[in-house]
**Q** 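First the structure, which I've put down as structure tokens, then a few questions once you've had a look.
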Amino acid sequence: MSDTTPDSTRKHHAVSAREPLTGLTGAHAAIYAELVGLTEPLTVAELALAAGVGHSTAGRVLNALEKRGVAVRTPGGHDEPRRVPDRRRRQRGRR
């Protein structure tokens, strides 16, 4: 579906990179609780296991938290031909 609203009538607003963390429930709250308690970055699989949620759910939640400026992804890279998983941690300065 295309957007037929003329540009002159669209309302623009700034999106804060530091949205307050309100309304976190279920998997989002479980993953965030694990991120807050981290002493070192973990993989998605490790966070999923710790939070008691599925791997794919944890991945989606972490992507959403990353967009809100709460989680940070560190690329894993490669160890010879083997890919090393990315690691996640809580964004510094967030509580």
**Q** With Val72, which residues qualify under side chain to side chain contact (heavy atoms under 4.5 Å, CB included), at least two apart?
**A** Arg89, Gln91

**Q** What verdict does the side chain to side chain contact (heavy atoms under 4.5 Å, CB included) test give for Glu34 and Leu49, after you've listed the backbone C-alpha separation in whole Å, the side-chain angles of each residue and the deciding distance to 0.1 Å?
**A** CA-CA 10 Å; Glu34 293 302 323; Leu49 182 62; over 6 Å; no

**Q** Nearest 0.5 angstrom please: Leu24 CG to Leu65 CG, how far?
**A**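 Reported value, rounded in 0.5 Å steps: 6.5 Å.
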
**Q** Can you name the closest pair of heavy atoms from Val84 and His78 and give their distance?
**A**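 Heavy atoms of Val84 and His78 come nearest at CG2-C, 4.1 Å.
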
**Q** So which pairs with a foot in residues 36-53 pass salt bridge (Lys or Arg N to Asp or Glu O under 4.0 Å), sequence neighbours left out?
**A**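 Applying salt bridge (Lys or Arg N to Asp or Glu O under 4.0 Å) to every pair that reaches into residues 36-53, excluding sequence neighbours, yields Glu46-Arg87.
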
**Q** With sequence neighbours left out, write down each residue that passes side chain to side chain contact (heavy atoms under 4.5 Å, CB included) with Ala45, or none if nothing qualifies.
**A** Thr43, His55

**Q** Would you give the length of the straight line joining atom CG of Leu62 to atom CZ of Arg73, rounded to the nearest 0.5 angstrom?
**A**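 Output value for this atom pair is 8.0 Å.
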
**Q** Please name the pair of heavy atoms, one in Ala58 and one in Ala48, separated by the smallest distance, quoted to 0.1 Å.
**A**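 Here Ala58 and Ala48 meet closest at CB-CB, 3.6 Å.
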
**Q** Determine whether Val53 and Val61 satisfy the following criterion, side chain to side chain contact (heavy atoms under 4.5 Å, CB included), listing intermediate values before the conclusion.
**A** CA-CA 10 Å; Val53 300; Val61 167; over 6 Å; no

**Q** Grab the two heavy atoms, one from Gly76 and one from Asp86, that are nearest each other, plus how far apart they are.
**A**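 That closest heavy-atom pairing would be N-OD1, 2.9 Å.
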
**Q** Got Leu47 and Val44 here, is their nearest side-chain heavy-atom distance under 4.5 Å?
**A**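 The answer is no, as the side chains (C-beta and beyond) never meet within the 4.5 Å cut-off.
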
